[in-house]
2 protein chains.
Amino acid sequence: MGVVDIAREAGVSTATVSRVLNGAESVTGATREHVLEVVARLGYTPNAFAASLRKGRNDAIGIAVASISQPWHVKLIRELRRAIREQGFTTIVYDLEHSESVLIEHTESARRLRLAGMVLATGDRIDGDEVRAALDRMAGTVPLVVIGQELPGAGWTTVAFDDVAASEQAILELLGRRPKPVLFLGEAASSYLSEERRIGVERALSQFPDLLAGSELVALDAGMDFSVGYREVQARAGALARFGTIFCVNDELALGACRALSELGVRVPEDMMVIGYGDVDMLPYLTPSLSSLSGDVGGVAERVVRALLARIEGGHVDVGPKLQRKIVHRESTGG
Amino acid sequence: MGVVDIAREAGVSTATVSRVLNGAESVTGATREHVLEVVARLGYTPNAFAASLRKGRNDAIGIAVASISQPWHVKLIRELRRAIREQGFTTIVYDLEHSESVLIEHTESARRLRLAGMVLATGDRIDGDEVRAALDRMAGTVPLVVIGQELPGAGWTTVAFDDVAASEQAILELLGRRPKPVLFLGEAASSYLSEERRIGVERALSQFPDLLAGSELVALDAGMDFSVGYREVQARAGALARFGTIFCVNDELALGACRALSELGVRVPEDMMVIGYGDVDMLPYLTPSLSSLSGDVGGVAERVVRALLARIEGGHVDVGPKLQRKIVHRESTGG
DNA sequence: CTGAAAGCGCTTACAG
DNA sequence: CTGAAAGCGCTTACAG
């Protein structure tokens, strides 16, 4: 069943049916009522493919995140959807599952679907040859905004937090509370995000050479969930006394670390301070409650959408300086 | 740029281009190579709308979940995607945000997109007049499988856990460990899932009238996240001594409850046992680690896909009896 | 193995 | 305000 069936039944042309269904102002009230009645009676739903094909555009914007298992990304999706919907677009969520090949697949899908735009949020590096080529290719036809990492000469807009500064600032503040070496748990080279945060930590520590010497900056290769934080701390059971702080690149690692400390009888924060990144919703409800570096997700979403709209209209927009994070102290850093 | 441009450049017909791009076997090796070279050189990507319109079908299956903020649903999405992809379909995720109007919108979207099928996973009731009508309407053209709740006379297949039995069984087991009244934290009438679990709890308690009398079965109206579990336990600070167990309809509530108990100086599990539902990944890493009623998500996904394929092919399939849950004891119930 | 041509179901300039 | 007709970009029976 299509417009022609509705048109025939209603005794009008397909043009009129289309106008009614698309809310054109020109249609007479009576005609509109009649057509709508027929549509309802016959249970007709327009074919989105035919409409998009004819219109030559799609009103959907893709949101691709590194992993929907990470609460921070879910929070971001929520905010982005809200902001995007306000602009009259629909959204479609892609889960990259931290995989380059999945990302590449999705760039293809975005091209085939002629998406109006795409938002990419990942801490995983996107500067590998294949990934970079796929993104460039996509960005040629689908306006793109990337959250989190800046690439030289990229044909897209970047919105990011200043994680180097945030990490440096946080470490300085924690060293003020307890001037002891730091155990940093981050990801290996595949993570852009970990790299930035590590640099900030190093920068702060380098002001205190003896503390830097005693610190350990771990580059994990095993993902960043609870179990990894747990395992890494357990693995250092005998060597924990020399550290004053465990600084984790996300909240999940911090949670796992706390569990290990608890099993080892290391008190948080008396013997060891612990802090994560992202400030996800559950942190205040943990025991001990977890400190974290918090960022304004709504602010990110707002900037992303502004930048995307500008690109969709063929223009550019200055998204301003990198966003600042702030440290949220809870029990795990002494409140 | 379209097939015609590729055809012209390659000196073949559009039919041949289409065949090459769709992997038809009939095309000569040389022709295939040549066409692919032109496609790559011109950076051509087929238009998905045109293809779907012409084919008259869409190979995408929708996955609609009550909320992507709930880890259990994220786990389910993962498993479903894997299973669906194996069958050659793509997936598209819908977040219902626990909203009836969003669900109704998505049923419309599914119809317009001529989805090959739809999976709906929600604990929120779907038997309200409007929602039920929207689902019936959708199920008329889009094969549907619902996870979790059974509706009489529905035109779709249901895959569910036996939560009544699981709850009853769990309570009996916990009463064996500590024969004291139970504080049950569940949602109000809008939640089908809470209702089932409450019934199981009541069924177990009714074998011990004095324990039933001392128990409290709370029907919350405020969602089911960490903060709610926390608040409800705090609100009963003076009355906790009479309970032996806090039984929560999800793990998030249980986590919040534990935090409140910790602040109140109530020891878990010595003074109070706590258990949740879903067995999400973080539970072993909490302090205390949280017990939970676990279900085989992979098993659900496998049945759902089997049922969906049968419906897509116009048939039916017996998905078998409801799935069983098992209780996973961790520190919060005494290990 | 390959091509010419029809047609999927819409929307929109154009004409009245 | 409304209609006749073209055309969006594919795929596929049909013919050779």
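First the proteins, then the strands, lettered A, B, ... as listed; each starts at 1.
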At under 4.0 Å between heavy atoms, what does [X] touch on the DNA or RNA strands: base, sugar-phosphate, or nothing?
X: B:V12; value: sugar-phosphate
X: A:T31; value: sugar-phosphate
X: A:G2; value: sugar-phosphate
X: B:V3; value: base
X: A:T28; value: sugar-phosphate

Item to check | Distance test, side-chain N/O of A:T16 to OP1/OP2 of D:dG3, below 4.0 Å | outcome: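 Result: yes.
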
Looking only at side-chain N and O atoms, does [Y] offer a donor or acceptor that is under 3.5 Å from a partner on [X]?
X: B:T91; Y: B:R81; value: yes
X: A:R78; Y: B:S67; value: yes
X: B:T122; Y: B:Y192; value: no

Checklist entry - So which of B:V145, B:L96, B:I63 actually passes side chain to side chain contact (heavy atoms under 4.5 Å, CB included) with B:L120? => result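 So, applying the side chain to side chain contact (heavy atoms under 4.5 Å, CB included) to B:L120 and each of B:V145, B:L96, B:I63, only B:L96 qualifies.
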
Taking [X] for the side chain and [Y] for the main chain, is one N or O donor matched with an acceptor at less than 3.5 Å?
X: B:T28; Y: B:A30; result: no
X: A:R114; Y: A:R57; result: no
X: B:H106; Y: B:A64; result: no

Using a strict cut-off of less than 4.0 Å between a Lys/Arg side-chain nitrogen and an Asp/Glu carboxylate oxygen, indicate whether [X] and [Y] qualify as a salt bridge.
X: B:R85; Y: A:E97; value: yes
X: A:E108; Y: A:R137; value: yes
X: B:K75; Y: B:E79; value: no

Checklist entry - Between A:R125 and A:S191, does a side-chain hydrogen bond (donor to acceptor under 3.5 Å, both in side chains) hold up when you go through it step by step? => result CA-CA 5 Å; A:R125 306 200 82 95; A:S191 169; over 6 Å; no

Output a table of nitrogen or oxygen pairs between the protein and nucleotides 13-16 of chain D separated by less than 3.5 Å.
residue : atom : partner : partner atom : Å
D:dA13  : N6   : B:R19   : NH2          : 3.2

Checklist entry - Side chains of B:V39 and B:L21: closer than 4.5 Å at any heavy-atom pair? => result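 Yes. Closest side-chain heavy atoms under 4.5 Å.
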
For atom [atom1] of [X] and atom [atom2] of [N], their distance in whole Å:
X: B:L53; N: D:dG7; atom1: CG; atom2: P; result: 17 Å
X: A:F49; N: C:dC8; atom1: CZ; atom2: P; result: 16 Å
X: B:R8; N: C:dT2; atom1: CZ; atom2: P; result: 20 Å
X: B:D5; N: D:dC8; atom1: CG; atom2: P; result: 11 Å
X: A:N22; N: C:dT12; atom1: CG; atom2: P; result: 7 Å
X: B:R32; N: C:dT2; atom1: CZ; atom2: C1'; result: 13 Å
X: A:K55; N: D:dC10; atom1: NZ; atom2: C1'; result: 19 Å
X: A:N58; N: D:dG9; atom1: CG; atom2: P; result: 15 Å

Checklist entry - Given the C1' atoms of C:dT12 and C:dG16, what is the spacing between them in whole Å? => result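 These two C1' atoms come out 16 Å apart once rounded.
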
From the set [options], return the single nucleotide nearest to any side-chain atom of [X].
X: B:S18; options: C:dG9, D:dT11, C:dT2; value: D:dT11
X: A:N47; options: C:dC10, C:dT11, C:dC1; value: C:dC10
X: B:T14; options: C:dT2, D:dT11, D:dC10; value: D:dT11

Item to check | Residue met sooner reading DNA chain C from 5', once A:R57 and A:A50 are mapped to nucleotides | outcome: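 Looking at DNA chain C, the more 5' nearest nucleotide goes with A:A50.
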
Item to check | Stems formed with participation of DNA chain C [Watson-Crick or G-U wobble, under 3.5 Å, three or more pairs] | outcome: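 So the stems come out as C:1-3 with D:14-16, C:5-12 with D:5-12, C:14-16 with D:1-3.
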
Checklist entry - Using the ring of each side chain (for Trp, its six-membered ring), is A:F49 parallel, tilted or perpendicular to B:F49, with breaks at 30° and 60°? => result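 Judged by the thresholds at 30° and 60°, the geometry between A:F49 and B:F49 is tilted.
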
Next on the checklist: Using a strict heavy-atom distance below 4.0 Å, which residues from residues 106-114 of chain B are in contact with DNA chain D?
Outcome noted: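 Going residue by residue through residues 106-114 of chain B, none turns out to have a heavy atom under 4.0 Å of DNA chain D.
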
